[in-house]
Amino acid sequence: MMSEKPQSGSRRRFLWTAWTALLGVAAAEAAWIVSRVLRPRGASGTDETVGVMTAGPVDRFAPGSVTAFPEGGFYLVRLEDGGFLAMSRVCTHLGCSVPWIDSEQRFVCPCHASAFDVRGEVVNPPAPRPLDLFEVRIENRVVKVNLASAMRRTAFGASQVVSA
């Protein structure tokens, strides 16, 4: 009786095909993940202009208030004088999400204790610079925030405040 020899060629071919298919699936999955990360997020309340989010009517925001917009990744601050700032929720130190602590009247980073005042200026390092800003527009007494790109700044300036 002759014993049959395993067909190593077909086994190799099968393994090669399986690995190639798995590699193709992994590459497609990686491409999908990268495209999701790089594509701008659509925020609810955005209008026909890409990246512009309608925050609401001017009267909705009391002077001296800070309103979080988690879906847009920013805080809308209405200063005591009635002016508006839209600040990024991202700490300028290492990129942690910075919550507003109402009792302390400041933004405090939970990662490394950087703190920012209501205008986004650093009051407690290690953050190297103020919180980034988004462009604010007021159209027909409605506050709109352009989320297309955050404006990096080195200090607070009165020109950054948008009056109602």
Side-chain angles (χ1 to χ4, degrees), residues 25-164:
V25 168
E29 198 169 78
W32 180 80
I33 290 170
V34 168
S35 73
R36 294 289 296 175
V37 168
L38 295 178
R39 184 177 12 176
R41 282 192 316 195
S44 62
T46 57
D47 64 15
E48 64 281 350
T49 309
V50 175
V52 175
M53 181 175 181
T54 300
V58 168
D59 298 335
R60 174 179 168 208
F61 308 101
S65 66
V66 176
T67 306
F69 286 84
E71 66 276 8
F74 71 95
Y75 290 101
L76 186 64
V77 176
R78 185 154 193 201
L79 300 171
E80 290 294 336
D81 65 5
F84 287 93
L85 291 170
M87 286 186 284
S88 172
R89 296 176 59 126
V90 178
C91 181
T92 56
H93 177 229
L94 292 176
C96 299
S97 183
V98 181
W100 169 253
I101 310 297
D102 198 42
S103 61
E104 297 179 27
Q105 289 294 293
R106 61 187 190 158
F107 301 96
V108 180
C109 180
C111 300
H112 298 101
S114 291
F116 306 86
D117 68 10
V118 73
R119 298 176 307 172
E121 289 193 288
V122 177
V123 293
N124 189 43
R129 57 187 180 76
L131 294 172
D132 294 335
L133 292 179
F134 294 104
E135 175 194 2
V136 175
R137 294 189 310 225
I138 299 177
E139 298 173 357
N140 299 321
R141 306 272 310 148
V142 174
V143 181
K144 295 184 178 189
V145 179
N146 184 351
L147 301 174
S149 64
M151 295 178 282
R152 186 180 173 122
R153 60 186 177 147
T154 56
F156 172 76
S159 64
Q160 298 166 352
V161 178
V162 176
S163 298

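Along the sequence shown, the residues carry numbers beginning at 1.
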Is there a donor-acceptor pair closer than 3.5 Å between any side-chain N or O of Gln160 and the backbone N or O of Ala155? yes

Please find the pair of heavy atoms, one from Glu80 and one from Pro63, that lie closest to each other, and give the distance. O-CB, 3.8 Å

Those residues that, when tested against Arg129, pass side chain to side chain donor-acceptor pair (under 3.5 Å) (two or more places apart): Asp132

Answer yes or no: is there a side-chain heavy-atom contact under 4.5 Å between Pro130 and Met87? no

Just checking, Arg119 and Phe156: is the charged tip under 6.0 Å from the six-membered ring centre and within 45° of the axis? yes

Report yes if the side chains of Arg78 and Val143 come closer than 4.5 Å at any heavy-atom pair, otherwise no. no

Do Phe116 and Cys91 touch side chain to side chain, with heavy atoms closer than 4.5 Å? yes

Measure from the side-chain N and O atoms of Arg60 to the backbone N and O of Val142, and report whether any donor-acceptor pair falls under 3.5 Å. no

Can you see which heavy atom on Cys109 is nearest to which on Val98, and at what distance? N-CG1, 4.0 Å

Within the 4.5 Å heavy-atom criterion, are Val136 and Leu85 side-chain neighbours or not? no

Would you call Asp102 and Val66 a side-chain contact if the rule is heavy atoms closer than 4.5 Å? no

Min side-chain heavy-atom separation Phe69-Val145 under 4.5 Å: no

Does some side-chain heavy atom of Ser114 sit less than 4.5 Å from a side-chain heavy atom of Val122? no

Under 2.5 Å between the SG atoms of Cys111 and Cys96: is that the case? yes

Keeping the roles fixed (side chain from Arg106, backbone from Ala115), state whether a donor-acceptor pair exists under 3.5 Å. no

In terms of ring plane angle, is the pair Phe61 and Phe84 parallel, tilted or perpendicular, where the classes change at 30° and 60°? perpendicular

Which label fits Phe134 and Phe74: parallel for a plane angle under 30°, tilted from 30 to 60°, or perpendicular past 60°? perpendicular

